[in-house]
Amino acid sequence: MSKPSVAELRPVVHPAGVKDRRSGEHWAGRLYMREISLRWTRHLVGTRITPNQLTYLMVVAGVAAGAVLLVPGPAGAVLAALLIQFYLLLDCVDGEVARWRKQTSITGVYLDRVGHYLAEAALLVGFGVRAADVFRVEGASANWLWAFLGTVAALGAILIKAETDLVDVARSRSGLPAVRDEAAVPRSSGLALARRAAAALKFHRLVGGVEASLVILAVAVADAVRGDLFFTRLGVAVLAAIAVLQTLLHLVSILASSRLK
C-alpha cells in the first residue's frame with residue numbers, strides 16, 4: 001500500500017476545528033508539532049500499529065519524562081524536555097492515525113485524557129523529587145519538603161484538567177450538549193476582565209507538560225552555573241503556588257460562567 005502524501009493527509013486528519021480549537025489545541029501543536037506529526041503519520045497509517053497503542057506509548061513517554069529527572073544535572077532536564085516533545089508528537093499522531101483510518105473511539109479519547117493526567121503529574125512529581133536533593137548536591141540527606149511541593153503542583157495540574165473535564169461530565173449527565181467556547185466567559189464583568197488578564201499573562205500554562213519541561217530545563221542550567229539547587233527549588237515553589245492559585249481561580253471561573261447552564 002502506497003503512503004498517502006502530506007497534502008492528502010492534511011484535510012482528513014486536520015479537519016476544521018482541530019488546529020483552531022481555542023481550549024483544545026496546544027500552542028506548540030499549532031506552531032510546529034502538527035506539521036511534524038503529519039510526516040510521522042503518513043508512515044504509520046499503513047502499519048499494524050493501532051491508535052490506542054500510540055496513545056499507550058504517549059503515556060509511557062510522559063511518565064518517563066518525570067522519571068529521568070532523577071538523572072542529576074542538566075542531562076536529566078534535557079532528557080525530560082525531549083521526552084515531553086515526543087509525548088506531544090504522539091499526542092498528535094494517535095488522533096491523526098485514528099481519523100485517517102476512521103478508527104476514532106470513546107476508548108481512545110478516554111486513554112488520551114488519562115495520559116495527559118499521568119504525564120503532567122509525573123513530570124511535576126519528578127521535579128519535586130529532584131529539588132529534594134536525592135543526589136546529595138547540597139547535604140547529607142534529602143529534603144522531602146520539596147518533593148511534597150512538587151506533588152502539590154502535580155495535584156493542582158490534575159485538578160485543573162479535572163475541573164474542565166467535569167464540565168462535560170455534568171452537562172452530559174444533565175442531558176445538555178457540549179459546551180460552546182463563548183459560554184466560558186464569566187457572567188460578571190469584573191470576573192470576565194480578570195479572566196482576560198490571566199489569559200493574557202498565561203502564567204497558568206507553566207504547570208503544563210511542555211511549559212514545565214522548559215522551566216525545568218532553564219533552572220537546571222542556572223543551577224549548573226550556580227552549583228546548587230536554588231533555582232530548581234525556586235521553580236518548584238513557584239509552580240506549586242501557580243497550581244494551587246489556578247485550581248481555585250479556574251473553579252471560580254467555571255461556576256461564574258454559563259458552562260454549567
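Computed from a prediction, not measured in an experiment: that's the story for all the values here.
- In this structure, the side chains of V152 and F148 come closer than 4.5 Å at one or more pairs of heavy atoms.
- Of all heavy-atom pairs spanning A119 and G62, the tightest one is CB-CA, 3.5 Å.
- Residue A157 comes nearest to L124 through the heavy atom pair CB-CD1, 3.7 Å, listed as atom of the first residue, atom of the second, then distance.
- For the pair D133/W146, no side-chain contact is recorded, criterion being any heavy-atom separation below 4.5 Å from C-beta on.
- Taken from NE2 in H14 to CG in L38, the straight-line distance is 4.0 Å, to the nearest 0.5 Å.
- A side-chain donor-acceptor contact under 3.5 Å links R171 to the backbone of P177.
- The two residues I160 and A243 come nearest to each other via the heavy atoms CD1-O, 4.1 Å.
- In this structure, V210 is a member of the same hydrophobic cluster as M58, with clusters built from ILVMFWY side-chain heavy atoms closer than 4.5 Å.
- If you take CG on L214 and CG on L217, they are separated by 7.0 Å, rounding to the nearest 0.5 Å.
- In terms of heavy atoms, W100 sits closest to E8 at CZ3-O, 3.6 Å.
- With 3.5 Å as the limit, one finds a donor-acceptor pair spanning the side chains of S253 and R259.
- Using a 4.5 Å cut-off on side-chain heavy atoms (C-beta onward), L57 and F86 make contact.
- A salt bridge is absent between R10 and E96: the closest approach of a Lys/Arg side-chain nitrogen to an acidic carboxylate oxygen does not fall below 4.0 angstrom.
- Under the 4.5 Å side-chain heavy-atom criterion for Ile, Leu, Val, Met, Phe, Trp and Tyr, V109 and Y117 are members of distinct hydrophobic clusters.
- Residues Y110 and V60 are members of separate hydrophobic clusters, defined by side-chain heavy-atom contacts under 4.5 angstrom among Ile, Leu, Val, Met, Phe, Trp and Tyr.
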Next on the checklist: Between V13 and V45, is the side-chain contact (heavy atoms from CB on, under 4.5 Å) condition met? List the steps.
Outcome noted: CA-CA 11 Å; V13 304; V45 291; over 6 Å; no
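- Between the CG atom in L89 and the OG1 atom in T41 there is a gap of 8.0 Å [rounded to 0.5 Å].
- Tracing side-chain contacts under 4.5 Å through hydrophobic residues (I, L, V, M, F, W, Y), one never reaches V134 starting from V71; they form parts of separate clusters.
- Within the 4.5 Å cutoff, the side chain of I254 has heavy atoms near those of the H250 side chain.
- The closest side-chain heavy-atom distance from V219 to L234 is not below 4.5 Å.
- Here the CG-OG distance, from L166 to S172, works out to 12.0 Å after rounding to the nearest 0.5 Å.
- Its side chain within the 4.5 Å cluster rule, L155 clusters with L159 among the Ile, Leu, Val, Met, Phe, Trp and Tyr residues.
- Note: the hydrophobic cluster containing L88 also contains V93 (ILVMFWY, side chain heavy atoms under 4.5 Å, direct or indirect links).
- Each of D91, L111, L44 was compared with L54 under the side chain to side chain contact (heavy atoms under 4.5 Å, CB included) criterion, and only L44 meets it.
- Across all non-hydrogen atoms, the minimal contact from A80 to L123 is CB-CD1, 4.3 Å.
- By the 4.5 Å heavy-atom criterion applied to side chains, V129 and L69 are not counted as neighbours.
- Distance alone, capped at 3.5 Å, is enough to place a donor-acceptor pair between the T50 side chain and the Q53 backbone.
- Annotation for P51 and Q103: closest pair CD-OE1, 3.2 Å, computed over non-hydrogen atoms.
- In this structure, the separation between CD1 on I242 and CG on L249 is 11.5 Å, given to the nearest 0.5 Å.
- Within the 4.5 Å cutoff, the side chain of H116 has heavy atoms near those of the Y87 side chain.
- Remark: side-chain polar atoms of R130 are not paired, donor with acceptor, to backbone N or O of R233 under 3.5 angstrom.
- The distance from the CZ atom of R99 to the CG atom of D94 is 8.5 Å, given to the nearest 0.5 Å.
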Item to check | Check against side-chain contact (heavy atoms from CB on, under 4.5 Å), V167 and L260 | outcome: CA-CA 7 Å; V167 169; L260 298 177; 4.2 Å; yes
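- You'll find the side chain of V207 stays beyond 4.5 Å of the side chain of E120, heavy atoms only.
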